[in-house]
Amino acid sequence: MPDTFHIARDKARARALGDFRGGDAALTASEPLIDFLTGEIAEFERDQGIDWDTPVDHDTLRKVWKMSAERGFYSYLLPKDLGGQGLSVADICAVREAALMSGSVLASHVLGDLSGPPRVGHLFKQASPYQVDTFLKPIQTADLAVCFALTEAGAGSDAASIKTRAEKTADGFRLNGVKRFISGGSFADVAIVLAVTDAEAGPRGISAFFVDLHSQGASKRTDYEVLSGKGAHADLVFEDVIVPEANLIGEEGTGFRLGMARISVNRLLHCSTMMGFARLALDLSIERAGGRQQFGRPIGSFQAIQHMLADMATDLYAGRSMMFDAARRLDAGHDIRAEASMCKLFCAEKGFSIADRAMQVHGGVGLLKGGPIEYIFRNLRTFRIVTGTSEIQKNTIAKALLDRVG
């Protein structure tokens with residue numbers, strides 16, 4: 001009997017590391033990560049019955065985070081002095097893309113995308129020693145899960161319009177408001193919350209806080225499901241939550257700037273997720289086109305399928321080229337505000353187009369819940385909205401272009 005698990009592992013490993021665009025340091029970092037994802041994590045997924053449509057319970061996720069942290073992967077993409085690999089942004093994009101390309105359902109959780117160090121690494125420069133010891137270090141060791149809470153019902157891309165209030169009191173700050181559609185909110189222990197501390201000061205009146213989500217008056221609403229699946233999003237409700245003054249990040253009024261400081265980097269890093277999923281969809285579509293027989297021959301012999309594959313590959317090549325070019329510009333010290341938005345716009349739109357064609361190539365099989373194509377289709381559709389809609393990206397691009405001649 002063939003060893004199907006190890007055959008699948010070797011195939012996934014080859015797929016993940018094929019056409020790798022990072023440098024030698026990134027490749028060296030990627031190999032053990034991919035071995036972990038296609039080996040131990042793949043076995044864990046199999047034993048736990050986890051597929052692409054399975055909402056993973058929080059206890060199981062915490063096991064995954066701990067496994068990753070103990071092996072050093074949870075902080076992998078941070079600077080060396082914070083326990084990471086010290087990779088360039090271009091190399092981080094390559095590592096993230098390869099992780100998604102491995103086909104591991106839990107890849108994003110292994111890297112802490114929704115719960116861990118990638119969400120807080122930049123805060124080590126602003127956080128007090130108390131905050132580092134109380135929040136940041138436990139997040140790195142997977143003892144605490146974190147989320148970033150900015151979005152509200154009336155404040156998404158217009159972040160300066162947030163309504164959540166933090167009123168100064170003798171005990172610190174009294175927090176009231178509701179944060180909406182917060183990624184990772186359902187399993188987070190602590191949230192980085194942006195709230196208004198001076199209603200007359202506009203964006204300069206917004207402050208950032210570490211908020212313990214187990215505090216009295218803090219609660220979660222998880223009675224809904226977003227397109228990408230159930231279990232990872234929540235509304236965070238704050239009703240007279242007392243936040244100690246020691247939990248204020250930086251100074252009052254610097255929260256908006258802190259929240260926006262890494263927006264270009266974050267948009268660019270999201271592109272690596274989109275391109276990883278799009279590459280996986282294309283690879284699976286090529287396999288399907290070569291193996292699926294209709295009318296006595298592989299469907300890949302029909303020109304209609306060939307043209308879809310050609311369009312997918314062309315869009316993917318363009319998106320990846322843009323992403324790595326922008327990342328290398330950022331590594332060289334350039335302002336990439338326009339380029340990051342161009343990448344996010346293009347990768348989101350074309351990534352979803354690739355997923356749509358992949359579903360067409362797969363036919364009925366592509367519609368099945370629990371399979372990768374249906375999940376990739378749903379997931380990539382969300383990226384046309386999250387981290388700034390495609391329309392907002394166009395606004396940002398145009399403004400950056402006009403500012404250059406203003």
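In what follows, every heavy atom counts, from backbone to side chain, and hydrogens, waters and symmetry copies are set aside.
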Can a side-chain donor-acceptor contact be found between [Y] and [X] if the only test is distance below 3.5 angstrom?
| X | Y | result |
| --- | --- | --- |
| Tyr375 | Asp51 | no |
| Thr141 | Asp143 | yes |
| Ser353 | Arg357 | yes |
| Arg96 | Thr273 | yes |

Between the main-chain N or O of [Y] and the side-chain N or O of [X], is there a donor-acceptor pair closer than 3.5 Å?
| X | Y | result |
| --- | --- | --- |
| Gln393 | Gly388 | yes |
| Thr60 | Val56 | no |
| Thr164 | Gly177 | no |
| Glu349 | Phe346 | no |

Is any side-chain heavy atom of Ile139 closer than 4.5 Å to a side-chain heavy atom of Val190?
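Result yes, sub-4.5 Å side-chain heavy-atom pair found.
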
Test applied, side-chain hydrogen bond (donor to acceptor under 3.5 Å, both in side chains); reference residue, Asp235; option that passes from Lys220, Arg180, Lys179:
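Answer to the side-chain hydrogen bond (donor to acceptor under 3.5 Å, both in side chains) test with Asp235 among Lys220, Arg180, Lys179: Arg180.
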
Determine, stepwise, if the pair Leu33 / Leu111 fulfils side-chain contact (heavy atoms from CB on, under 4.5 Å).
CA-CA 9 Å; Leu33 171 63; Leu111 291 175; 4.0 Å; yes

Measure from the ring center of Phe181 to the ring center of His233 and say whether it is less than 6.0 Å.
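Ring centroids of Phe181 and His233 are no less than 6.0 Å from each other.
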
Measure centre to centre between the rings of Phe383 and Phe277, then say whether the value is under 6.0 Å.
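Judged by ring-centre distance (under 6.0 Å), Phe383 and Phe277 do not meet the cut-off.
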
Pair Ile299, Gln293 - check side-chain contact (heavy atoms from CB on, under 4.5 Å), show working.
CA-CA 6 Å; Ile299 62 172; Gln293 294 278 330; over 6 Å; no

